[in-house]
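Report on one structure; see the data block that follows.
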Protein chains: 2
Amino acid sequence: MAALTHKYSGGFAVGTRRGIPEATVARLPIYHRVLAGLNDLGVATVSSEELANSSGVSSAKLRKDLSHLGSYGTRGVGYDVEFLVYQIARELGLTQDWPVIIVGVGNLGRALANYGGFASRGFRIVGLLDADPALIGSDVALAPGIRVRHLDELERVVEEAEPAIAVIATPALAAQDVCDRVVAAGMTSILNFAPVVLNVGDRVEVRKVDLATELQILAFHEQRRSRDTEVVVTDSKVSLTVGGAL
Amino acid sequence: MAALTHKYSGGFAVGTRRGIPEATVARLPIYHRVLAGLNDLGVATVSSEELANSSGVSSAKLRKDLSHLGSYGTRGVGYDVEFLVYQIARELGLTQDWPVIIVGVGNLGRALANYGGFASRGFRIVGLLDADPALIGSDVALAPGIRVRHLDELERVVEEAEPAIAVIATPALAAQDVCDRVVAAGMTSILNFAPVVLNVGDRVEVRKVDLATELQILAFHEQRRSRDTEVVVTDSKVSLTVGGAL
DNA sequence: CGGTGTGAATTCATTCACAGCG
DNA sequence: CGCTGTGAATGAATTCACACCG
(Lines give C-alpha, C1' and ligand atoms only; values in the text may rest on other atoms or scores of the structure.)
Protein backbone atom coordinates (compact mmCIF):
# COMPACT_ATOMS: atom_id res chain seq x y z
CA MET A 1 0.00 0.00 0.00
CA ALA A 2 2.93 2.27 0.56
CA ALA A 3 6.32 1.35 -0.95
CA LEU A 4 5.28 2.31 -4.45
CA THR A 5 5.47 6.05 -4.22
CA HIS A 6 8.39 7.88 -5.70
CA LYS A 7 8.43 10.51 -2.98
CA TYR A 8 10.06 13.29 -5.00
CA SER A 9 9.65 13.79 -8.70
CA GLY A 10 12.33 16.30 -9.65
CA GLY A 11 16.01 15.70 -9.12
CA PHE A 12 17.40 12.53 -10.60
CA ALA A 13 20.87 12.22 -12.02
CA VAL A 14 22.93 14.85 -13.80
CA GLY A 15 21.16 16.79 -16.50
CA THR A 16 17.68 15.56 -15.77
CA ARG A 17 14.61 17.71 -15.32
CA ARG A 18 11.80 15.21 -15.76
CA GLY A 19 8.34 15.84 -14.49
CA ILE A 20 7.93 19.57 -14.46
CA PRO A 21 4.96 20.33 -12.18
CA GLU A 22 1.79 21.22 -14.00
CA ALA A 23 1.51 24.54 -12.18
CA THR A 24 4.96 25.45 -13.45
CA VAL A 25 4.17 24.44 -17.02
CA ALA A 26 1.15 26.72 -16.91
CA ARG A 27 3.39 29.66 -16.06
CA LEU A 28 6.19 29.04 -18.51
CA PRO A 29 4.29 30.68 -21.39
CA ILE A 30 4.03 33.87 -19.32
CA TYR A 31 7.72 33.93 -18.55
CA HIS A 32 8.43 33.22 -22.17
CA ARG A 33 6.33 36.13 -23.35
CA VAL A 34 7.84 38.55 -20.87
CA LEU A 35 11.35 37.43 -21.70
CA ALA A 36 10.71 37.68 -25.43
CA GLY A 37 9.58 41.25 -24.80
CA LEU A 38 12.71 42.07 -22.82
CA ASN A 39 14.82 40.46 -25.50
CA ASP A 40 13.21 42.62 -28.18
CA LEU A 41 14.01 45.63 -26.04
CA GLY A 42 17.64 44.60 -26.00
CA VAL A 43 17.77 43.77 -22.30
CA ALA A 44 20.61 41.32 -21.72
CA THR A 45 20.09 40.04 -18.20
CA VAL A 46 17.28 40.02 -15.70
CA SER A 47 17.01 39.11 -12.02
CA SER A 48 14.39 36.79 -10.62
CA GLU A 49 12.92 39.77 -8.81
CA GLU A 50 12.44 41.78 -12.00
CA LEU A 51 11.17 38.92 -14.09
CA ALA A 52 8.81 37.91 -11.31
CA ASN A 53 7.36 41.40 -11.04
CA SER A 54 6.72 41.61 -14.75
CA SER A 55 5.12 38.18 -14.67
CA GLY A 56 2.89 38.79 -11.70
CA VAL A 57 4.40 36.13 -9.46
CA SER A 58 6.71 36.10 -6.44
CA SER A 59 10.43 35.82 -7.01
CA ALA A 60 10.61 32.64 -4.94
CA LYS A 61 8.02 31.01 -7.12
CA LEU A 62 9.79 32.13 -10.24
CA ARG A 63 13.11 30.74 -9.10
CA LYS A 64 11.57 27.44 -8.12
CA ASP A 65 9.82 27.25 -11.46
CA LEU A 66 13.00 27.90 -13.40
CA SER A 67 14.94 25.49 -11.25
CA HIS A 68 12.86 22.70 -12.74
CA LEU A 69 14.33 23.43 -16.14
CA GLY A 70 17.91 23.44 -14.96
CA SER A 71 20.43 25.84 -13.46
CA TYR A 72 20.27 28.54 -16.03
CA GLY A 73 21.00 31.55 -13.85
CA THR A 74 24.20 33.13 -12.61
CA ARG A 75 24.44 33.80 -8.90
CA GLY A 76 24.91 37.42 -8.04
CA VAL A 77 23.80 38.42 -11.53
CA GLY A 78 20.56 36.94 -12.77
CA TYR A 79 19.48 35.24 -15.95
CA ASP A 80 20.73 35.78 -19.48
CA VAL A 81 17.59 36.84 -21.29
CA GLU A 82 18.37 35.43 -24.70
CA PHE A 83 19.55 32.11 -23.32
CA LEU A 84 16.59 31.72 -21.01
CA VAL A 85 14.02 32.63 -23.61
CA TYR A 86 15.46 29.90 -25.79
CA GLN A 87 15.50 27.30 -23.04
CA ILE A 88 11.87 27.94 -22.21
CA ALA A 89 10.92 27.91 -25.88
CA ARG A 90 12.61 24.57 -26.26
CA GLU A 91 10.89 23.18 -23.19
CA LEU A 92 7.51 24.32 -24.43
CA GLY A 93 8.14 23.02 -27.93
CA LEU A 94 8.05 26.47 -29.47
CA THR A 95 11.09 25.78 -31.57
CA GLN A 96 8.97 23.78 -33.93
CA ASP A 97 5.70 24.94 -35.29
CA TRP A 98 2.42 23.31 -34.57
CA PRO A 99 -0.29 22.75 -37.12
CA VAL A 100 -3.73 23.58 -35.76
CA ILE A 101 -7.25 23.07 -37.03
CA ILE A 102 -10.24 25.08 -35.95
CA VAL A 103 -13.61 23.39 -35.99
CA GLY A 104 -16.50 25.82 -35.93
CA VAL A 105 -16.08 29.06 -37.81
CA GLY A 106 -18.75 31.19 -36.20
CA ASN A 107 -18.02 34.49 -34.51
CA LEU A 108 -15.56 32.99 -32.13
CA GLY A 109 -13.87 30.65 -34.60
CA ARG A 110 -13.35 33.52 -37.00
CA ALA A 111 -11.96 35.72 -34.26
CA LEU A 112 -9.54 32.95 -33.33
CA ALA A 113 -8.50 32.38 -36.93
CA ASN A 114 -7.71 36.07 -37.25
CA TYR A 115 -6.00 36.36 -33.92
CA GLY A 116 -2.45 37.47 -34.46
CA GLY A 117 -0.91 35.96 -31.35
CA PHE A 118 -1.72 32.57 -32.75
CA ALA A 119 0.48 32.57 -35.78
CA SER A 120 3.11 34.69 -34.12
CA ARG A 121 4.12 31.95 -31.72
CA GLY A 122 4.47 28.97 -33.95
CA PHE A 123 0.90 27.89 -34.33
CA ARG A 124 -0.09 27.55 -37.95
CA ILE A 125 -3.67 27.10 -38.99
CA VAL A 126 -3.92 24.26 -41.44
CA GLY A 127 -7.64 23.69 -41.47
CA LEU A 128 -10.93 25.47 -40.88
CA LEU A 129 -14.06 23.39 -40.72
CA ASP A 130 -17.73 24.11 -40.30
CA ALA A 131 -21.05 22.36 -40.80
CA ASP A 132 -22.77 25.40 -42.28
CA PRO A 133 -22.80 25.20 -46.11
CA ALA A 134 -23.01 28.98 -46.31
CA LEU A 135 -19.51 29.29 -44.91
CA ILE A 136 -17.76 26.70 -47.06
CA GLY A 137 -15.13 28.15 -49.30
CA SER A 138 -14.95 31.51 -47.60
CA ASP A 139 -11.51 32.56 -46.50
CA VAL A 140 -10.22 34.22 -43.40
CA ALA A 141 -7.78 37.08 -43.22
CA LEU A 142 -4.85 35.67 -41.29
CA ALA A 143 -4.99 32.13 -42.62
CA PRO A 144 -3.84 32.72 -46.17
CA GLY A 145 -4.83 30.05 -48.58
CA ILE A 146 -6.93 28.23 -46.03
CA ARG A 147 -10.55 28.10 -47.01
CA VAL A 148 -13.33 26.81 -44.86
CA ARG A 149 -14.15 23.18 -45.62
CA HIS A 150 -17.16 21.14 -44.68
CA LEU A 151 -17.14 19.22 -41.44
CA ASP A 152 -17.55 16.03 -43.48
CA GLU A 153 -13.97 16.44 -44.56
CA LEU A 154 -12.63 16.46 -41.02
CA GLU A 155 -11.01 13.04 -41.24
CA ARG A 156 -9.47 13.87 -44.60
CA VAL A 157 -8.02 17.15 -43.32
CA VAL A 158 -6.54 15.41 -40.28
CA GLU A 159 -4.93 12.81 -42.49
CA GLU A 160 -3.56 15.32 -44.97
CA ALA A 161 -2.33 18.03 -42.67
CA GLU A 162 -1.59 16.00 -39.54
CA PRO A 163 -2.59 18.75 -37.15
CA ALA A 164 -1.32 18.43 -33.59
CA ILE A 165 -4.01 20.50 -31.94
CA ALA A 166 -7.73 20.83 -32.58
CA VAL A 167 -9.56 23.92 -31.46
CA ILE A 168 -13.26 23.31 -30.96
CA ALA A 169 -15.34 26.45 -31.32
CA THR A 170 -18.67 24.91 -32.22
CA PRO A 171 -21.98 25.34 -30.44
CA ALA A 172 -22.33 23.30 -27.27
CA LEU A 173 -24.50 20.64 -28.85
CA ALA A 174 -22.06 19.79 -31.61
CA ALA A 175 -18.95 19.75 -29.49
CA GLN A 176 -18.95 16.18 -28.18
CA ASP A 177 -19.55 14.75 -31.65
CA VAL A 178 -16.77 16.80 -33.13
CA CYS A 179 -14.55 15.80 -30.24
CA ASP A 180 -15.24 12.11 -30.78
CA ARG A 181 -14.38 12.38 -34.45
CA VAL A 182 -11.24 14.37 -33.78
CA VAL A 183 -10.09 11.75 -31.30
CA ALA A 184 -11.08 8.87 -33.57
CA ALA A 185 -8.97 10.47 -36.28
CA GLY A 186 -6.00 10.13 -33.94
CA MET A 187 -5.58 13.57 -32.46
CA THR A 188 -4.57 13.93 -28.82
CA SER A 189 -4.69 17.64 -27.95
CA ILE A 190 -7.85 19.70 -27.85
CA LEU A 191 -8.59 23.25 -26.90
CA ASN A 192 -12.30 23.50 -26.20
CA PHE A 193 -14.28 26.73 -26.30
CA ALA A 194 -17.69 25.09 -26.22
CA PRO A 195 -19.41 25.28 -22.85
CA VAL A 196 -19.53 21.54 -22.25
CA VAL A 197 -17.36 19.02 -20.48
CA LEU A 198 -15.82 16.84 -23.17
CA ASN A 199 -15.56 13.14 -22.61
CA VAL A 200 -12.30 11.70 -23.88
CA GLY A 201 -10.00 8.80 -23.24
CA ASP A 202 -7.18 9.54 -20.82
CA ARG A 203 -4.48 9.69 -23.41
CA VAL A 204 -6.12 12.81 -24.86
CA GLU A 205 -5.33 16.18 -23.35
CA VAL A 206 -8.18 18.67 -23.22
CA ARG A 207 -7.97 22.24 -22.06
CA LYS A 208 -11.01 24.42 -21.91
CA VAL A 209 -11.70 28.10 -22.12
CA ASP A 210 -15.10 29.00 -20.84
CA LEU A 211 -16.18 32.60 -20.92
CA ALA A 212 -19.32 32.19 -18.88
CA THR A 213 -17.39 30.32 -16.20
CA GLU A 214 -14.83 33.06 -15.91
CA LEU A 215 -17.50 35.70 -15.56
CA GLN A 216 -19.28 33.65 -12.94
CA ILE A 217 -16.14 33.34 -10.88
CA LEU A 218 -15.70 37.09 -11.03
CA ALA A 219 -19.34 37.57 -10.10
CA PHE A 220 -18.86 35.36 -7.07
CA HIS A 221 -16.03 37.49 -5.77
CA GLU A 222 -17.80 40.70 -6.67
CA GLN A 223 -20.82 39.55 -4.72
CA ARG A 224 -18.77 38.54 -1.71
CA ARG A 225 -17.08 41.90 -1.77
CA SER A 226 -20.24 43.95 -1.90
CA ARG A 227 -21.94 41.81 0.72
CA ASP A 228 -19.00 42.39 3.07
CA THR A 229 -18.91 46.09 2.34
CA GLU A 230 -22.58 46.48 3.12
CA VAL A 231 -21.97 45.01 6.53
CA VAL A 232 -19.13 47.37 7.24
CA VAL A 233 -21.30 50.29 6.23
CA THR A 234 -24.24 49.17 8.32
CA ASP A 235 -22.35 48.31 11.45
CA SER A 236 -18.70 48.38 12.27
CA LYS A 237 -18.12 45.86 15.04
CA VAL A 238 -20.10 42.72 14.24
CA SER A 239 -17.66 40.16 12.97
CA LEU A 240 -19.77 37.68 11.02
CA THR A 241 -23.50 37.57 11.04
CA VAL A 242 -23.88 38.04 7.36
CA GLY A 243 -25.37 36.25 4.45
CA GLY A 244 -27.58 33.76 6.24
CA ALA A 245 -30.71 35.49 5.00
CA LEU A 246 -32.59 32.92 2.94
CA MET B 1 5.60 35.40 13.90
CA ALA B 2 3.10 32.63 14.42
CA ALA B 3 -0.04 33.25 16.51
CA LEU B 4 -1.76 35.27 13.82
CA THR B 5 -2.93 32.51 11.52
CA HIS B 6 -6.51 31.39 11.54
CA LYS B 7 -5.69 27.73 11.02
CA TYR B 8 -8.93 26.69 9.36
CA SER B 9 -11.11 28.89 7.23
CA GLY B 10 -14.33 26.91 6.81
CA GLY B 11 -16.46 25.75 9.67
CA PHE B 12 -17.56 28.37 12.14
CA ALA B 13 -20.83 28.35 13.98
CA VAL B 14 -24.20 27.03 12.88
CA GLY B 15 -25.27 27.97 9.38
CA THR B 16 -21.95 29.33 8.26
CA ARG B 17 -20.08 28.42 5.13
CA ARG B 18 -17.56 31.20 4.88
CA GLY B 19 -14.43 30.88 2.81
CA ILE B 20 -15.26 28.49 0.03
CA PRO B 21 -11.90 27.31 -1.38
CA GLU B 22 -10.93 28.97 -4.62
CA ALA B 23 -10.64 25.62 -6.40
CA THR B 24 -14.20 24.84 -5.45
CA VAL B 25 -15.49 28.22 -6.61
CA ALA B 26 -13.88 27.58 -9.98
CA ARG B 27 -15.89 24.38 -10.36
CA LEU B 28 -19.26 25.65 -9.19
CA PRO B 29 -20.09 27.14 -12.60
CA ILE B 30 -19.60 23.71 -14.17
CA TYR B 31 -21.87 22.01 -11.69
CA HIS B 32 -24.37 24.78 -12.17
CA ARG B 33 -24.39 24.34 -15.93
CA VAL B 34 -24.74 20.57 -15.74
CA LEU B 35 -27.49 20.82 -13.17
CA ALA B 36 -29.36 23.43 -15.18
CA GLY B 37 -29.22 21.02 -18.10
CA LEU B 38 -30.58 18.16 -16.01
CA ASN B 39 -33.26 20.41 -14.68
CA ASP B 40 -34.34 21.37 -18.20
CA LEU B 41 -34.53 17.67 -18.97
CA GLY B 42 -36.88 17.22 -16.05
CA VAL B 43 -34.48 15.15 -13.94
CA ALA B 44 -35.49 15.46 -10.30
CA THR B 45 -32.58 14.01 -8.36
CA VAL B 46 -28.99 13.15 -9.07
CA SER B 47 -26.31 11.27 -7.17
CA SER B 48 -22.82 12.61 -6.59
CA GLU B 49 -21.53 9.85 -8.85
CA GLU B 50 -23.71 10.89 -11.78
CA LEU B 51 -23.19 14.60 -11.36
CA ALA B 52 -19.47 14.06 -10.99
CA ASN B 53 -19.28 12.05 -14.19
CA SER B 54 -21.12 14.68 -16.15
CA SER B 55 -18.87 17.34 -14.72
CA GLY B 56 -15.60 15.58 -15.32
CA VAL B 57 -14.56 15.30 -11.68
CA SER B 58 -14.42 12.51 -9.09
CA SER B 59 -17.42 11.95 -6.89
CA ALA B 60 -15.37 12.53 -3.76
CA LYS B 61 -14.29 15.90 -5.03
CA LEU B 62 -17.81 16.80 -5.96
CA ARG B 63 -19.15 15.88 -2.54
CA LYS B 64 -16.45 17.83 -0.77
CA ASP B 65 -17.14 20.82 -3.02
CA LEU B 66 -20.84 20.76 -2.30
CA SER B 67 -20.26 20.24 1.40
CA HIS B 68 -18.77 23.73 1.50
CA LEU B 69 -22.14 25.16 0.56
CA GLY B 70 -24.07 23.22 3.16
CA SER B 71 -25.71 19.84 3.60
CA TYR B 72 -27.98 19.93 0.63
CA GLY B 73 -28.08 16.23 -0.20
CA THR B 74 -30.17 13.34 1.11
CA ARG B 75 -28.29 10.25 2.21
CA GLY B 76 -29.19 7.19 0.27
CA VAL B 77 -30.81 9.31 -2.43
CA GLY B 78 -28.71 12.11 -3.82
CA TYR B 79 -29.34 15.78 -4.51
CA ASP B 80 -32.56 17.48 -5.49
CA VAL B 81 -31.66 19.02 -8.83
CA GLU B 82 -33.87 22.07 -8.70
CA PHE B 83 -32.92 22.90 -5.15
CA LEU B 84 -29.22 22.46 -5.76
CA VAL B 85 -29.18 24.46 -8.96
CA TYR B 86 -30.73 27.31 -7.06
CA GLN B 87 -28.34 27.07 -4.14
CA ILE B 88 -25.35 27.19 -6.44
CA ALA B 89 -26.85 30.06 -8.41
CA ARG B 90 -27.32 31.99 -5.23
CA GLU B 91 -23.79 31.28 -4.09
CA LEU B 92 -22.40 32.45 -7.41
CA GLY B 93 -24.57 35.51 -7.47
CA LEU B 94 -26.45 34.39 -10.56
CA THR B 95 -29.77 35.37 -9.07
CA GLN B 96 -29.01 38.95 -9.88
CA ASP B 97 -27.76 40.13 -13.23
CA TRP B 98 -24.42 41.68 -13.77
CA PRO B 99 -23.79 44.64 -16.02
CA VAL B 100 -20.67 44.18 -18.13
CA ILE B 101 -18.67 46.46 -20.39
CA ILE B 102 -16.42 45.29 -23.18
CA VAL B 103 -13.45 47.43 -24.06
CA GLY B 104 -11.98 46.67 -27.46
CA VAL B 105 -14.40 45.75 -30.18
CA GLY B 106 -12.10 44.03 -32.65
CA ASN B 107 -12.63 40.49 -33.85
CA LEU B 108 -12.57 39.07 -30.38
CA GLY B 109 -14.59 41.80 -28.70
CA ARG B 110 -17.28 41.45 -31.34
CA ALA B 111 -17.33 37.69 -30.95
CA LEU B 112 -17.74 38.12 -27.20
CA ALA B 113 -20.50 40.68 -27.58
CA ASN B 114 -22.38 38.25 -29.80
CA TYR B 115 -21.73 35.25 -27.65
CA GLY B 116 -25.03 33.84 -26.50
CA GLY B 117 -23.84 32.20 -23.31
CA PHE B 118 -23.07 35.64 -21.98
CA ALA B 119 -26.53 37.06 -21.84
CA SER B 120 -28.10 33.73 -21.07
CA ARG B 121 -26.58 33.55 -17.62
CA GLY B 122 -27.28 36.94 -16.22
CA PHE B 123 -24.53 38.99 -17.78
CA ARG B 124 -25.87 42.01 -19.55
CA ILE B 125 -23.71 44.11 -21.82
CA VAL B 126 -24.15 47.77 -20.95
CA GLY B 127 -21.23 49.25 -22.81
CA LEU B 128 -18.99 48.66 -25.80
CA LEU B 129 -15.94 50.85 -26.18
CA ASP B 130 -13.20 51.20 -28.72
CA ALA B 131 -10.52 53.68 -29.70
CA ASP B 132 -11.05 53.24 -33.43
CA PRO B 133 -13.27 56.04 -34.81
CA ALA B 134 -14.36 53.77 -37.64
CA LEU B 135 -16.23 51.55 -35.20
CA ILE B 136 -18.02 54.21 -33.18
CA GLY B 137 -21.78 54.05 -33.49
CA SER B 138 -21.90 50.61 -35.06
CA ASP B 139 -24.06 48.13 -33.29
CA VAL B 140 -23.67 44.50 -32.45
CA ALA B 141 -26.23 41.77 -32.89
CA LEU B 142 -26.81 40.50 -29.39
CA ALA B 143 -26.45 43.76 -27.55
CA PRO B 144 -29.59 45.51 -28.65
CA GLY B 145 -29.51 49.25 -28.33
CA ILE B 146 -25.87 49.27 -27.33
CA ARG B 147 -23.74 51.12 -29.80
CA VAL B 148 -20.00 51.29 -29.75
CA ARG B 149 -18.76 54.42 -28.01
CA HIS B 150 -15.36 56.00 -28.05
CA LEU B 151 -12.85 55.00 -25.41
CA ASP B 152 -12.81 58.63 -24.26
CA GLU B 153 -16.23 58.03 -22.82
CA LEU B 154 -15.11 55.16 -20.62
CA GLU B 155 -15.41 57.07 -17.36
CA ARG B 156 -18.81 58.40 -18.33
CA VAL B 157 -20.09 54.93 -19.23
CA VAL B 158 -18.85 53.52 -15.94
CA GLU B 159 -20.57 56.26 -14.02
CA GLU B 160 -23.85 55.96 -15.92
CA ALA B 161 -24.19 52.21 -16.16
CA GLU B 162 -22.26 51.13 -13.07
CA PRO B 163 -20.89 47.96 -14.65
CA ALA B 164 -19.60 45.32 -12.26
CA ILE B 165 -17.23 43.63 -14.67
CA ALA B 166 -14.97 44.98 -17.39
CA VAL B 167 -13.87 42.72 -20.22
CA ILE B 168 -10.65 43.88 -21.80
CA ALA B 169 -10.27 42.71 -25.38
CA THR B 170 -7.89 45.34 -26.67
CA PRO B 171 -4.49 44.82 -28.27
CA ALA B 172 -1.73 44.05 -25.80
CA LEU B 173 -0.27 47.54 -25.90
CA ALA B 174 -3.48 49.27 -24.92
CA ALA B 175 -4.49 46.87 -22.18
CA GLN B 176 -2.62 48.32 -19.20
CA ASP B 177 -3.83 51.85 -19.92
CA VAL B 178 -7.39 50.69 -20.24
CA CYS B 179 -7.01 48.68 -17.08
CA ASP B 180 -5.70 51.67 -15.16
CA ARG B 181 -8.62 53.80 -16.27
CA VAL B 182 -11.14 51.08 -15.48
CA VAL B 183 -9.71 50.74 -11.99
CA ALA B 184 -9.48 54.49 -11.49
CA ALA B 185 -13.15 54.68 -12.40
CA GLY B 186 -13.82 52.40 -9.45
CA MET B 187 -14.30 49.00 -11.01
CA THR B 188 -12.96 45.94 -9.22
CA SER B 189 -13.47 42.93 -11.52
CA ILE B 190 -11.69 42.46 -14.82
CA LEU B 191 -11.63 39.69 -17.36
CA ASN B 192 -8.56 40.17 -19.49
CA PHE B 193 -8.11 38.73 -22.95
CA ALA B 194 -5.05 40.76 -23.85
CA PRO B 195 -1.80 38.81 -23.69
CA VAL B 196 -0.23 40.88 -20.93
CA VAL B 197 -0.02 40.64 -17.18
CA LEU B 198 -2.10 43.47 -15.79
CA ASN B 199 -0.85 45.42 -12.83
CA VAL B 200 -3.58 46.26 -10.39
CA GLY B 201 -4.03 47.02 -6.74
CA ASP B 202 -4.88 44.04 -4.59
CA ARG B 203 -8.49 44.91 -4.07
CA VAL B 204 -9.08 44.37 -7.81
CA GLU B 205 -9.78 40.87 -9.07
CA VAL B 206 -8.35 40.01 -12.48
CA ARG B 207 -8.89 36.81 -14.37
CA LYS B 208 -7.21 36.20 -17.65
CA VAL B 209 -7.91 34.15 -20.71
CA ASP B 210 -4.90 33.69 -22.89
CA LEU B 211 -5.25 31.72 -26.07
CA ALA B 212 -1.59 31.52 -26.90
CA THR B 213 -0.82 30.30 -23.39
CA GLU B 214 -3.38 27.53 -23.64
CA LEU B 215 -1.97 26.38 -26.94
CA GLN B 216 1.53 26.44 -25.56
CA ILE B 217 0.54 24.26 -22.64
CA LEU B 218 -0.99 21.78 -25.05
CA ALA B 219 2.10 21.92 -27.20
CA PHE B 220 4.24 21.12 -24.18
CA HIS B 221 2.30 17.96 -23.46
CA GLU B 222 2.11 17.03 -27.10
CA GLN B 223 5.85 17.34 -27.35
CA ARG B 224 6.47 15.32 -24.25
CA ARG B 225 4.20 12.63 -25.57
CA SER B 226 5.88 12.36 -28.95
CA ARG B 227 9.36 12.57 -27.48
CA ASP B 228 8.60 9.68 -25.18
CA THR B 229 7.15 7.64 -28.00
CA GLU B 230 10.18 8.24 -30.17
CA VAL B 231 12.46 6.98 -27.46
CA VAL B 232 10.50 3.82 -27.05
CA VAL B 233 10.65 3.27 -30.78
CA THR B 234 14.36 4.00 -31.13
CA ASP B 235 15.62 2.04 -28.20
CA SER B 236 13.89 0.19 -25.44
CA LYS B 237 16.20 0.16 -22.47
CA VAL B 238 17.88 3.56 -22.23
CA SER B 239 16.10 5.41 -19.48
CA LEU B 240 16.77 9.06 -20.24
CA THR B 241 19.30 10.39 -22.69
CA VAL B 242 16.87 12.36 -24.74
CA GLY B 243 16.31 15.92 -25.63
CA GLY B 244 19.70 17.32 -24.73
CA ALA B 245 20.51 18.01 -28.37
CA LEU B 246 20.56 21.82 -28.37
C1' DC C 1 -28.84 -0.88 1.41
C1' DG C 2 -27.10 3.19 -0.92
C1' DG C 3 -25.20 7.41 -0.98
C1' DT C 4 -23.92 11.65 1.65
C1' DG C 5 -20.78 14.15 4.54
C1' DT C 6 -16.35 14.40 6.53
C1' DG C 7 -12.18 13.50 9.40
C1' DA C 8 -7.63 11.70 8.27
C1' DA C 9 -4.03 10.71 4.98
C1' DT C 10 -1.82 12.02 0.97
C1' DT C 11 -0.30 14.61 -2.74
C1' DC C 12 0.67 18.93 -4.84
C1' DA C 13 2.00 23.92 -4.66
C1' DT C 14 3.78 27.89 -2.42
C1' DT C 15 6.59 30.28 0.72
C1' DC C 16 10.47 30.74 3.79
C1' DA C 17 15.06 31.32 4.69
C1' DC C 18 19.64 30.62 3.85
C1' DA C 19 23.85 28.07 2.16
C1' DG C 20 26.83 28.69 -1.44
C1' DC C 21 28.58 30.45 -5.67
C1' DG C 22 30.09 33.99 -9.09
C1' DC D 1 28.13 41.39 -1.73
C1' DG D 2 23.98 39.95 -4.39
C1' DC D 3 21.29 36.73 -6.26
C1' DT D 4 20.46 31.96 -7.46
C1' DG D 5 19.08 27.41 -6.22
C1' DT D 6 16.99 24.53 -2.94
C1' DG D 7 15.97 21.92 1.36
C1' DA D 8 12.57 22.43 4.89
C1' DA D 9 8.15 24.32 6.50
C1' DT D 10 3.76 25.58 5.55
C1' DG D 11 -0.51 25.64 3.24
C1' DA D 12 -4.03 24.15 -0.21
C1' DA D 13 -6.34 20.62 -2.81
C1' DT D 14 -7.37 15.97 -3.57
C1' DT D 15 -8.23 11.38 -2.37
C1' DC D 16 -9.36 7.75 0.87
C1' DA D 17 -12.36 5.31 3.58
C1' DC D 18 -15.99 4.91 6.52
C1' DA D 19 -19.35 6.48 10.09
C1' DC D 20 -23.89 7.67 9.80
C1' DC D 21 -28.42 8.52 8.20
C1' DG D 22 -32.76 8.28 5.26
Side-chain angles (χ1 to χ4, degrees), chain A residues 1-12 14-28 30-31 35 44-53 55-81 83-84 87, chain B residues 1-12 14-28 30-31 35 44-53 55-81 83-84 87:
Chain A
M1 206 175 247
L4 262 177
T5 33
H6 252 293
K7 182 159 267 182
Y8 199 61
S9 50
F12 278 55
V14 236
T16 319
R17 35 89 252 270
R18 253 315 144 100
I20 299 177
E22 199 44 44
T24 295
V25 173
R27 284 185 293 265
L28 289 179
I30 312 282
Y31 304 151
L35 284 164
T45 64
V46 64
S47 70
S48 65
E49 189 66 32
E50 294 163 336
L51 182 49
N53 284 337
S55 304
V57 300
S58 72
S59 63
K61 193 188 276 186
L62 180 114
R63 287 200 303 279
K64 177 130 301 191
D65 281 344
L66 294 186
S67 78
H68 290 109
L69 312 190
S71 281
Y72 294 152
T74 308
R75 290 164 198 245
V77 179
Y79 301 90
D80 182 281
V81 172
F83 182 67
L84 188 55
Q87 291 304 330
Chain B
M1 207 178 249
L4 262 177
T5 33
H6 252 292
K7 184 160 266 181
Y8 197 60
S9 50
F12 278 55
V14 236
T16 319
R17 37 88 253 271
R18 251 317 145 97
I20 299 178
E22 199 42 44
T24 295
V25 172
R27 284 185 294 266
L28 290 179
I30 313 283
Y31 304 150
L35 284 164
T45 63
V46 64
S47 70
S48 65
E49 189 66 31
E50 296 163 335
L51 182 50
N53 284 338
S55 306
V57 301
S58 72
S59 64
K61 193 188 276 185
L62 179 114
R63 286 201 303 280
K64 176 128 307 189
D65 281 345
L66 293 187
S67 78
H68 289 110
L69 313 191
S71 280
Y72 294 151
T74 308
R75 292 168 196 241
V77 179
Y79 301 90
D80 181 281
V81 172
F83 181 68
L84 188 54
Q87 291 304 329

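Chain letters run A, B, ... following the sequence lines, proteins first, then strands; residues in each count from 1.
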Does a side-chain N or O of [X] approach OP1 or OP2 of [N] to a distance below 4.0 Å, or not?
X: A:Tyr79; N: D:dG5; value: yes
X: B:Ser48; N: C:dT4; value: yes
X: A:Arg63; N: C:dC18; value: no

What does the list of N/O pairs under 3.5 Å between the protein and nucleotides 19-22 of chain C look like, with a distance for each?
none

Send over the distance from [X] [atom1] to [N] [atom2], rounded to a whole Å.
X: B:Glu22; N: D:dA12; atom1: CD; atom2: P; value: 12 Å
X: A:Leu69; N: D:dG5; atom1: CG; atom2: C1'; value: 13 Å
X: A:Glu50; N: D:dC3; atom1: CD; atom2: C1'; value: 11 Å
X: B:Gln87; N: C:dG5; atom1: CD; atom2: P; value: 12 Å
X: B:Ile20; N: D:dA12; atom1: CD1; atom2: C1'; value: 16 Å
X: A:Leu51; N: D:dG5; atom1: CG; atom2: P; value: 12 Å
X: A:Lys64; N: C:dA13; atom1: NZ; atom2: C1'; value: 10 Å
X: A:Lys61; N: D:dT4; atom1: NZ; atom2: P; value: 17 Å

Check your understanding: For B:Asn53, what residues pass the side-chain contact (heavy atoms from CB on, under 4.5 Å) criterion, not counting sequence neighbours?
Key ->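 Listed in chain order: B:Glu49.
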**Study point:** B:Ser58: partners by side-chain contact (heavy atoms from CB on, under 4.5 Å), with sequence neighbours left out
**Key:**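 With sequence neighbours excluded, B:Ser58 shows a side-chain contact (heavy atoms from CB on, under 4.5 Å) to B:Ala60, B:Lys61, given in chain and number order.
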Practice item. Identify, with sequence neighbours excluded, every residue that meets side-chain hydrogen bond (donor to acceptor under 3.5 Å, both in side chains) alongside A:Ser55. Key: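 For A:Ser55, no residue satisfies side-chain hydrogen bond (donor to acceptor under 3.5 Å, both in side chains) once neighbours in sequence are set aside.
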Point to revise | Touch class at under 4.0 angstrom, heavy-atom based, for B:Thr24 against every strand present | key: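 Nothing, no nucleic acid heavy atom in range.
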Review point. At under 4.0 Å between heavy atoms, what does B:Ser59 touch on the DNA or RNA strands: base, sugar-phosphate, or nothing?
Key: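 Contact class for B:Ser59: none.
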Exercise for review: Could you list the residues that satisfy salt bridge (Lys or Arg N to Asp or Glu O under 4.0 Å) with A:Arg27, not counting sequence neighbours?
Suggested key: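 Only A:Asp65 meet the salt bridge (Lys or Arg N to Asp or Glu O under 4.0 Å) criterion with A:Arg27.
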Point to revise | Note, A:Arg63 side chain near A:Tyr79 side chain (heavy atom, < 4.5 Å) | key: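 Yes; the side chains approach each other to less than 4.5 Å.
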Review point. Through what angle, rounded to 10 degrees, does the axis of the helix from C:dC1-D:dG22 to C:dG22-D:dC1 turn between its ends, using five pairs per end?
Key: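 Computed angle between terminal axes is 10°.
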Check your understanding: What's the closest nucleotide to the B:Ala23 side chain, out of D:dA13, D:dT6, C:dT6?
Key ->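 That would be D:dA13.
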Point to revise | B:Phe83 vs B:Tyr72, ring-ring contact (aromatic ring centres under 6.0 Å, His included): CA-CA, chis, key distance, verdict | key: CA-CA 8 Å; B:Phe83 181 68; B:Tyr72 294 151; 5.4 Å; yes
